[in-house]
**Q** 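Here's a structure for you.
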2 protein chains.
Amino acid sequence: MVSISTKGIYGVAAMHALYKSPNAKLMQIKEIAAMTHISHGYLEQILSSLKKSSLVVSIRGIHGGYKLAHDAEKIIVLDIVESLEGKLFVPNENVGASIVLDSFWADMQEQTRKVFDIKLCDLDKSYQTFFYEI
Amino acid sequence: MVSISTKGIYGVAAMHALYKSPNAKLMQIKEIAAMTHISHGYLEQILSSLKKSSLVVSIRGIHGGYKLAHDAEKIIVLDIVESLEGKLFVPNENVGASIVLDSFWADMQEQTRKVFDIKLCDLDKSYQTFFYEI
DNA sequence: AGTTAACATAGTAATTCACTTAGGTATTAG
DNA sequence: CTAATACCTAAGTGAATTACTATGTTAACT
């Protein structure tokens, strides 16, 4: 089945929560977990990965928490998902029986990745489109 | 990791082999397996699924084999992959913490599926494009 | 010093993947 | 008729992945 795992979906949800945080205030794992219904422990791992990829920054200690590492204009969904799940839609090497098909799948990968080239700040647009279309 | 499993890739390879068969002649599992380097037993399962989805037809007995059920113009890659792997990129239900994100993922699914809306007969084009661009 | 929250690693049950194994059934050559 | 061939089907299997949980460590604030 072709799908993004919950890890990637959780990651986007967490990043979205940070983006929506008023005045870009620090958010604690606790808060994000409550908002998104992601398990606390699992979210810790996810945020840790996002930090390694420099998508978020953290502050430790009693008033610690997370915030976006950059402006939401500079963060794309593809980076979030790929930092958590590895490169999207990798062409499998030992399957290639023909150059034609290899070329085809490489093309598919490229186009699929393009679909996820969406800025974090534009994430709400599909909902708004839906809303205004009524 | 986000990727199409080998099952889907094998399915497309097998369908492509049938499409390329001269005069749309029947091909035996043996032949397709040899061409594509897919294991015989696994390919049997895949072709069986493709048959259930009415993408190929089969003839049994000593001179049996497979051929496309319809013209290659009427078969799209999305149908091949989804008949083998289930619907592409299903939005996970219990993850939806917000309507905004649900809406976003539904949108992503739609767009990803559109990428795979490619006719079997157009499958060689990415290679040709590559070739002529040199 | 003690509380709190981020950080790190290991473990685990359940599921999926990519097959293999073992047979059954339809068709036809001889 | 019967043996051979090829399609058809179900069940099993080892390895990998998923979505966590558990346990402990380190940093910062009061």
Side-chain angles (χ1 to χ4, degrees), chain A residues 1-14 18 25-34 36-67 69 81 84-87 89-90 92-95 97, chain B residues 1-14 18 25-34 36-67 69 81 84-87 89-90 92-95 97:
Chain A
M1 198 168 51
V2 182
S3 69
I4 283 197
S5 72
T6 56
K7 202 169 189 174
I9 293 176
Y10 284 168
V12 173
L18 291 177
K25 241 190 72 185
L26 280 185
M27 282 184 83
Q28 298 188 344
I29 296 180
K30 229 194 311 183
E31 294 178 75
I32 305 174
T36 57
H37 308 133
I38 304 171
S39 104
H40 187 279
Y42 198 29
L43 185 57
E44 267 183 317
Q45 288 176 30
I46 290 167
L47 286 167
S48 173
S49 292
L50 293 173
K51 193 191 170 181
K52 261 185 204 146
S53 313
S54 306
L55 289 166
V56 298
V57 289
S58 68
I59 288 164
R60 298 175 76 150
I62 196 158
H63 287 126
Y66 287 91
K67 61 175 182 171
V81 173
L84 294 166
E85 309 202 10
K87 194 157 187 178
F89 193 179
V90 187
N92 208 329
E93 305 224 357
N94 52 348
V95 170
Chain B
M1 201 168 46
V2 182
S3 69
I4 283 198
S5 71
T6 56
K7 203 171 189 171
I9 293 175
Y10 285 168
V12 173
L18 292 177
K25 242 191 69 184
L26 281 184
M27 282 185 84
Q28 299 189 342
I29 295 180
K30 231 194 308 184
E31 294 178 74
I32 304 172
T36 57
H37 307 134
I38 305 170
S39 104
H40 187 279
Y42 198 29
L43 186 56
E44 267 184 315
Q45 285 176 35
I46 290 167
L47 286 166
S48 174
S49 292
L50 293 173
K51 193 191 170 181
K52 260 186 204 145
S53 313
S54 307
L55 290 166
V56 297
V57 289
S58 69
I59 289 166
R60 298 175 78 153
I62 196 156
H63 287 127
Y66 286 92
K67 59 174 183 172
V81 174
L84 293 167
E85 309 202 11
K87 194 158 187 179
F89 193 1
V90 187
N92 207 329
E93 305 224 356
N94 52 349
V95 169

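Lettering follows sequence order; numbering is per chain, from 1.
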**Q** Name all pairs fulfilling the side chain to side chain donor-acceptor pair (under 3.5 Å) condition that reach into residues 46-57 of chain B, sequence neighbours left out, sorted by first residue then second.
**A**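 For residues 46-57 of chain B: B/K51-B/S58.
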**Q** Starting at atom CD1 of A/I62, determine the distance to atom C1' of C/dA1, rounded to an integer number of angstrom.
**A**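 Spelled out: CD1 on A/I62 to C1' on C/dA1 is 13 Å.
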**Q** Can you find a donor-acceptor N/O pair under 3.5 angstrom joining the side chain of A/E85 to the base of D/dT18?
**A**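 By the distance-only test, no, there is no pair.
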**Q** If I compare all heavy atoms of B/G8 with all of B/V81, which pair ends up nearest, and what's the gap?
**A**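 Heavy atoms of B/G8 and B/V81 come nearest at O-CG2, 4.5 Å.
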**Q** Using atom names, set out every protein N or O paired with an N or O of nucleotides 13-15 of chain C below 3.5 Å, distance rounded to 0.1 Å.
**A**
none

**Q** Return no unless some side-chain N or O of A/S39 is found under 4.0 Å from OP1 or OP2 of D/dC20.
**A**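 No, A/S39 has no side-chain N/O under 4.0 Å of OP1/OP2 on D/dC20.
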**Q** Please determine if a side-chain N or O atom of A/Y10 lies less than 4.0 Å away from the OP1 or OP2 oxygen of D/dA19.
**A**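 False: A/Y10 side-chain N/O out of range (4.0 Å or more) of D/dA19 OP1/OP2.
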**Q** Roughly, in whole Å, what's the span from CD in B/Q45 to C1' in C/dA22?
**A**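 Interatomic distance, CD of B/Q45 to C1' of C/dA22: 13 Å.
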**Q** Please state how far atom CG in B/L50 lies from atom P in D/dC7, giving the value in whole angstrom units.
**A**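 Those two atoms, CG and P, are 14 Å apart.
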**Q** Does the side chain of B/Y42 get closer than 4.0 angstrom to OP1 or OP2 of C/dC17 through an N or O atom?
**A**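 Looking at the OP1 and OP2 atoms of C/dC17, neither is under 4.0 Å from any side-chain N or O of B/Y42.
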**Q** A/H63 side chain N/O closer than 4.0 Å to the phosphate oxygens (OP1, OP2) of D/dT30?
**A**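 Yes, A/H63 has a side-chain N/O under 4.0 Å of OP1/OP2 on D/dT30.
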**Q** Decide yes or no for A/I32 and A/L47: does some side-chain heavy atom of the first lie under 4.5 Å from some side-chain heavy atom of the second?
**A**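 A side-chain contact under 4.5 Å exists here.
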**Q** What pairs with B/L26 under side-chain contact (heavy atoms from CB on, under 4.5 Å), at least two apart in sequence or on another chain?
**A**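 Here the qualifying residues are B/I59, B/K67.
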**Q** Once side-chain contact (heavy atoms from CB on, under 4.5 Å) is applied, do any residues pair with A/E44, and if so which ones, sequence neighbours excluded?
**A**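 Here the qualifying residues are A/I29, A/H40.
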**Q** Closest to the B/T6 side chain: C/dT9, C/dA18, C/dT20?
**A**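 Of C/dT9, C/dA18, C/dT20, C/dA18 is nearest to the side chain of B/T6.
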**Q** Could you tell me the separation between the NZ atom of B/K67 and the C1' atom of D/dC7, rounded to a whole number of Å?
**A**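 B/K67 atom NZ is separated from D/dC7 atom C1' by 16 Å.
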**Q** Do the side-chain N or O atoms of A/S5 get closer than 4.0 angstrom to the phosphate oxygens (OP1, OP2) of D/dA19?
**A**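 The answer is yes; a side-chain N or O of A/S5 sits under 4.0 Å from OP1 or OP2.
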**Q** Which heavy atom of A/L43 sits nearest a heavy atom of A/A14, and at what distance?
**A**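 Taking A/L43 first and A/A14 second, the nearest heavy atoms are CD1-CB, 4.1 Å.
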**Q** OG1 of A/T36 to CD1 of A/I9: how many Å apart, nearest 0.5 Å?
**A**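 Those atoms lie 12.5 Å apart.
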**Q** Whole Å only: how far is the CD1 atom of B/I46 from the P atom of D/dA10?
**A**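 Answer to the nearest Å: 17 Å.
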**Q** Which heavy atom of B/E85 sits nearest a heavy atom of B/S5, and at what distance?
**A**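 Reported closest heavy-atom pair: OE2-OG, 2.9 Å.
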**Q** Under the rule for side-chain contact (heavy atoms from CB on, under 4.5 Å), what residues qualify as partners of A/I46, not counting sequence neighbours?
**A**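 If we apply the side-chain contact (heavy atoms from CB on, under 4.5 Å) test to A/I46, skipping adjacent residues, the hits are A/K7, A/Y10, A/Y42, A/L50, A/L84.
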**Q** Send over the distance from A/I38 CD1 to D/dC20 P, rounded to a whole Å.
**A**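 Atom CD1 in A/I38 sits about 9 Å away from atom P in D/dC20.
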**Q** Report all interatomic pairs (protein N or O, nucleotide N or O of nucleotides 6-8 of chain C) with separations under 3.5 Å.
**A**
| from | atom 1 | to | atom 2 | distance (Å) |
| --- | --- | --- | --- | --- |
| C/dA6 | OP1 | A/I29 | N | 2.9 |
| C/dA6 | O3' | A/S58 | OG | 3.4 |
| C/dC7 | OP1 | A/K51 | NZ | 2.5 |
| C/dC7 | OP1 | A/S58 | OG | 2.2 |
| C/dC7 | OP2 | A/S58 | OG | 3.4 |
| C/dC7 | OP2 | A/Y66 | OH | 2.2 |
| C/dC7 | N4 | A/E44 | OE2 | 2.8 |

**Q** To the nearest Å, how far apart are B/L84 CG and C/dC17 C1'?
**A**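 Going from B/L84 (CG) to C/dC17 (C1'), I get 14 Å.
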